[in-house]
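What follows is a single structure, written as structure tokens, with notes after it.
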Amino acid sequence: MKEIPKAYSPNEVEDKWYKYWEEHNLFSSEIDETKEPYTIVIPPPNITGMLTMGHILNNSIQDVYIRYKRMQGFNALWVPGTDHASIATETKVVNYLKEQGIDKEEIGREEFLKHCHVWKEKYGGIITKQLRKLGVSCDWKRERFTMDDEYYKSVIHTFVKLYKEGLIYRGNRMVNWCPVSKSAISDEEVIFKSSNGKLWYFKYPVKDSNEFVIVATTRPETMLGDTGVAVNPKDERFKHLIGKKIILPIVGREIPIFTDDYVDMEFGTGAVKITPAHDVNDYDMGKRHSLEMINIFKEDATTNKNVPLDYQSKDRYEVRKLVVAKLEELGLLEKTEDYTNNVGYSERGGVPIEPYLSEQWFMKMEDFVKPALEVVREGKVNFHPNHWIKTYEHWLGNIRDWCISRQLWWGHRIPVWYHNETNEIYCDENPPTDLENWTQDNDVLDTWASSWLWAQDVFTSEEEQKYYYPTNLLVTGPDIIFFWVARMIMAGMKFMNDIPFKDVYFTSIIRDEQGRKMSKSLGNSPDPLDVIDQYGADALRFTINYIAPLGQDVQFSTDKTELGRNFANKIWNAGRFLLMNAENIKIDNNLLDKHVDFVDEWIATKFQNAIEQYTTSLDKYEINGATKILYSYVWNDFCDWYIELTKDRLYNSESEEIKSAVLTRAINHFDNMLRMIHPFMPFLSEELWSLIAERKDGESISVAQFPLLDKSAINKLAESKMDFVQSIITSIRNIRGEMNIPPSKKIDVLLKTDTLEEDQIKYIQTIARINKLEFGADISKPKASASSVIKNCEIYIPLEGIIDLQVERDRLTKEIQRLEGALIGVNKKLSNERFVNNAPKEVVEKENAKKTDWENSLETLKSILDDLT
RNA sequence: GGGUCCUUAGCUCAGUUGGUUAGAGUGUCUGCUUGACGUGCAGGAAGUCAGUGGUUCGAAUCCACUAGGACCCACCA
């Protein structure tokens, strides 16, 4: 047999097994009516994307579930794919071309799209390749892209259907305009940032009067588009001016002074300049009062011909300076104040958005709201953690129509044609037959108006949709709850008449050690591939799940991965121990239930408990609970105790058959443990599983049966026998530690107890490294000894000549004090009549039992201490 | 302005229907070449469960308020 290295080295193991899994199609799924499907669709990453720590968390969670369910016998399917990410990709491609001196407008739509497709070919696969490194068990044969032919058709089909139902309409409305992308964006794509700006006070001259009306503004440049000044109808200060006109400075336009309830008398001067074409609230007021709407900007937010010549074709911030300077020159700048307000930025463009009046396509949201709310309220779709329901409800309750058109080229082009002469609108999946007389709408759809169909449209046939839909689990960050989660539910209810998924798991946000969000600009995000390279994919998967509780942000730093690395190494070495023994001891499955003792029964019991808790945790989406159960079973129960305790029988048994039985059983336990480990640590578990037995080609732990709960394996008696052994050993170790007796030195021990049996003694003797062990109810305390008292047992270690009496006295005193402190609490409770009368009987009994135990121990300890003094 | 979440050992966090002497990892201290593992083993020290008040026989856990922190929504020029 080949040499097994002392340390687990993940790198070659990972590559080997991922290849193996793919070659044997272990993750592919087809319709199989005899099996229940378990389906996850990947939240499609951008084709501009690189793997982030967020992806690691997100995808390892999904992989845990898909592997877990696959092993449980479900027909598990995880569909991977990517999103064309219209605006994000187009921005990148435009920039890339700009670097080469190519202008998007110059080369034209068709040529530009060619570049986009080249980009997609080049970068589209990067992230999915990186995901493989993490070990994700996706069915790669089903990989989808939101602009695949079939998907494209489906998106267009949906548009046409909704248009024909009257749910999609076109309108000239105020939208959030991104001057960088030169496109409208949705409300969700606007990020508000607090910014330190100024509040300028302008004096607007009243016509035919010497008076001025002072208005305050944060955006002086928009005054060039002012078409009114509004005051509150109750405001006495302005009563005499209502109905009069203002001569707008610089421009010279006459604009009315009018009243509107919207105006807050307390704020600023109580008079508001109104720019209906460049502010949402002004727009509403403009409509109410039939004000002129003067658009002063071009689509890149430079000024157009509607402003005086000197101010034309200039950037909005340049115009701001000019306007302020000019008004100051005219003596119309009253004052300037510092002012902090929130400015909406374009998520992709990174610049302040411009409220902009333009012709756009909208989707009516009203009809979508009710079913989407119902399924979540009724628990058909479950959110984890469920407090996100409130956020979801709030958004749905205040939803506005969705602007779905984008003035971009990369995306699903709106299937609408306008007649060149009559301007008639034609909307259909197929272009009009007399195409030469028509012109197609230039806009494409918002990315989310395609990805909201993801859960249904990744399945290309009706049979598949019928079988796999609805999917089971969606794992995603709460940041896209509106963009994607809510809209997928809407789409599901509308087009499939069913929910898109049953459970939604909202992941934590990964932060750095200082609690800051990980971001490219801060440079505080480690490259997950480096972490995988350094520690292994399993280590990273385990660690991130171990430290990421449901619904809480998590602070990550690379060195935390040592936790998972050490854990992987521990498992590796447990396997190594068994394999080394298997070189000398025969494995014989016929002996699986021969020569069983209480330790075997105990570990079987512990395993059942672990499996039960692990399963319950995963079923409740308490993933980090599952990792903790796994960790403590593997490390504390299996390695620290079980393996240690098998050594005696493995090395010292009188017959080879006993050795074989013990080792065979140990390997069997290990096999089961590996299955429990596998969803979290697929590579390591596969490697060890392949080593502990002969495996046929194509066999894999990833499709092996997940351990079933077997309550008959639970043995309470064995558990309590083991408990007793453990507490005696721990006590002896404790004494050794505090008395500084090195482990190499064997000691004599006396145990005063009447509940020990021969099979327990054997283990205590070897594990505690005991030379001579005496036990029984009639043991009497030796003269000079270190002592300890536990429930039903007094422990004496004779240390004549060696013992430091003062150390021993301190030890005993400390223990006595601890017990006395604990007893105070119990006595207080038990002497309280109301406790005895009101608390449940079991609780009172438990307290009584504690009291008796502690009092007995205390009494013994005190007499031992007295002997010493 | 409206809402959600958090505050437990030096650090990172468990503690899920109120009943343990409040746990783990890490760090720290002590000892250890124990026939898998020093990426390890054994042991020790370390906590006014943010504060105040309330409900209760009993509160880290439930309620109210206060303080500090994170986030979401809205957006008054």
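It should be emphasised that the depicted structure is a prediction, and the values quoted were computed from it without experimental measurement. Proteins get letters first, then strands, A, B, ... in listed order; numbering begins at 1 in each.
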TODO: Return no unless some side-chain N or O of Lys829(A) is found under 4.0 Å from OP1 or OP2 of rU20(B).
DONE: yes
- [ ] Using a heavy-atom cut-off of under 4.0 Å over every strand shown, decide if Trp635(A) touches base, sugar-phosphate, or nothing.
- [x] sugar-phosphate
Task: Nearest to side-chain heavy atoms of Lys814(A), which nucleotide of rG40(B), rA45(B), rA77(B) - done: rA45(B)
- [ ] Say whether, by atom type as modelled, one donor and one acceptor occur between the side chain of Thr627(A) and the main chain of Asn624(A) under 3.5 angstrom.
- [x] yes
TODO: Would you kindly give the CG-to-P distance between Asn569(A) and rC41(B), to the nearest whole Å?
DONE: 10 Å
TODO: Output yes when at least one side-chain N/O atom of Lys647(A) is less than 4.0 Å from OP1 or OP2 of rA36(B), else no.
DONE: yes
Task: Donor-acceptor pair, side chain of Ser195(A) and main chain of Gly197(A), under 3.5 angstrom - done: no
Task: Asn566(A) side chain near rG40(B) phosphate (N/O to OP1/OP2, under 4.0 Å) - done: yes
Open item on the list: Going by purine N1 to pyrimidine N3 plus the second Watson-Crick contact, or the G-U wobble pair, all under 3.5 Å, which nucleotide sits opposite rC5(B)?
Closed with: rG69(B)
TODO: For rA36(B), take OP1 and OP2 only and decide whether either is under 4.0 Å from a side-chain N or O of Tyr651(A).
DONE: yes
Task: Whether Asp671(A) side chain and Ile667(A) backbone form a donor-acceptor pair below 3.5 Å - done: no
Open item on the list: Looking at rG58(B), I'd like to know if its phosphate oxygens (OP1 or OP2) sit under 4.0 Å from a side-chain N or O belonging to Asn832(A).
Closed with: no
Open item on the list: Short of 4.0 Å, heavy atom to strand atom, which residues of residues 537-547 of chain A count as contacting RNA chain B?
Closed with: Tyr546(A)
Open item on the list: Output the rounded distance in Å from CG (Asp187(A)) to P (rA74(B)).
Closed with: 7 Å
Open item on the list: Pairing check on rA46(B): which nucleotide meets the Watson-Crick or G-U wobble criteria with it, both distances under 3.5 Å?
Closed with: none
Open item on the list: Suppose we define a pair by two distances each less than 3.5 Å, Watson-Crick or G-U wobble; what does rA64(B) pair with here?
Closed with: rU52(B)
Task: Distance, C1' atom - from rG69(B) to rU8(B), rounded to whole angstrom - done: 16 Å
- [ ] Measure from CD1 on Ile747(A) to P on rG43(B) and round the result to the nearest Å.
- [x] 14 Å
Open item on the list: Whether the side chain of Lys570(A) and the base of rC37(B) hold a donor-acceptor pair under 3.5 Å is what I'd like checked.
Closed with: yes
- [ ] For RNA chain B, find the residues of residues 479-487 of chain A with a heavy-atom distance under 4.0 Å and give them by number; none if there aren't any.
- [x] Phe482(A)
Open item on the list: Rounding to an integer number of Å, can you tell me how far Arg576(A) CZ sits from rA36(B) P?
Closed with: 8 Å
Open item on the list: Suppose the criterion is salt bridge (charged side-chain N to carboxylate O under 4.0 Å, His left out): which pairs have a residue in residues 730-744 of chain A, not counting sequence neighbours?
Closed with: Glu738(A)-Lys814(A)
Open item on the list: When you measure from the side-chain N and O atoms of Trp388(A) to the phosphate of rC73(B), is any distance below 4.0 Å, counting only OP1 and OP2?
Closed with: no
